[in-house]
Amino acid sequence: MRLVDTHCHLDNEQFNLDREDVIERIKDKLEFCVNIGYDLKSSEETLKLAQKYDFVYGVIGVHPTDITGYDESIENRLEELAKDPKIVAIGEIGLDYHWMTEPKDVQKDGFRKQLALAKRVKKPVVIHTRDAMEDTIEVLNEFPDIEGVIHCYPGSIETAKQLVDRFYLGIGGTLTFKNAKKTVAVVKDIPLDRIVIETDCPYLTPEPFRGKRNEPIYVEYVAQKIAEIKGVTLEEVVKVTTENAKKLYGIV
Ligand SMILES: [Zn+2]
């Protein structure tokens with residue numbers, strides 16, 4: 001069994017010059033990867049990639065910093081895209097109070113509408129939350145039957161314990177940074193069967209490549225760090241997190 005990148009952005013322009021090579025390396029090294037949309041255009045691109053490569057799955061939705069202008073026509077198109085069997089979740093959706101592109105109530109409205117969409121199409125969700133954990137949990141609690149992943153989990157152990165019944169925690173390159181104390185503590189405490197590995201590439205490149213462009217095969221460095229923190233073998237991390245990724249996205 002091999003690793004999975006549960007959260008990547010292969011449609012990003014940083015891959016324009018060598019996308020085929022990056023995808024070839026995924027095919028060689030990983031079980032599969034999941035490309036994540038952040039607006040309607042990238043969601044359309046995500047479906048194209050997922051239809052082209054059998055080891056690429058897709059997630060479609062509108063990110064909180066791109067929620068400006070979210071309306072019924074966008075939502076109807078997302079609902080159509082979501083019907084494709086290679087589209088395995090709705091995301092990335094959530095709240096971002098760091099960039100504050102739109103006021104809180106506008107972000108919450110777009111978040112609620114897409115959670116309702118996920119419920120209608122019976123798919124899990126990929127959550128983005130930044131400086132907004134309390135409100136994110138409050139909105140998620142309005143949808144008690146929704147499950148999914150909190151991508152690049154930024155919270156405390158206490159918050160993680162409230163979330164892990166329903167949500168996997170997505171752990172990425174930031175775990176390898178020197179200032180990752182909080183995330184290291186979360187990884188130590190939360191059982192491996194609630195953790196999935198991601199890159200969020202081209203962003204958040206792990207050590208030893210921090211500062212360069214990230215790509216899906218670098219999940220290896222995150223997996224190694226998790227093994228080290230939990231005191232288990234790399235093989236164990238690969239086996240459990242890949243099973244988790246399959247369960248999360250309903251991939252058999
Ligand atoms: Zn992302």
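Just follow the structure's listing: the first ligand is 1, and inside any ligand the first atom is 1.
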Exercise. Check whether more than 12 heavy atoms from other residues, nucleotides or ligands sit under 6.0 Å from atom NZ of Lys29, and answer yes or no.
Key: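 Check fails, neighbour count at 12 or below.
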Quiz item: salt bridge (Lys or Arg N to Asp or Glu O under 4.0 Å) with Lys247: which residues, sequence neighbours excluded?
Solution: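 Per chain and number, Lys247 pairs via salt bridge (Lys or Arg N to Asp or Glu O under 4.0 Å) with no residue.
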Quiz item: Do any protein N, O or S atoms sit under 2.8 Å from the Zn ion (ligand 1), and which ones are they?
Solution: His7 NE2, His9 NE2, Glu92 OE2, Asp200 OD1
Exercise. Kindly state each residue pair satisfying side-chain hydrogen bond (donor to acceptor under 3.5 Å, both in side chains) with at least one member in residues 164-177, sequence neighbours excluded.
Key: Asn141-Arg166
Quiz item: Does the ring center of Tyr218 lie less than 6.0 Å from the ring center of Phe209?
Solution: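 Tyr218 vs Phe209: aromatic centres under 6.0 Å.
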Quiz item: Is it true that Lys230 and Glu236 have a side-chain N and a carboxylate O under 4.0 angstrom from each other?
Solution: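 Between Glu236 and Lys230 there is no salt bridge, as every charged N stays at least 4.0 Å from the carboxylate O atoms.
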Quiz prompt | By ring-ring contact (aromatic ring centres under 6.0 Å, His included) - contacts of Tyr53 (at least two apart) | solution =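 Result, ring-ring contact (aromatic ring centres under 6.0 Å, His included) vs Tyr53: Phe55.
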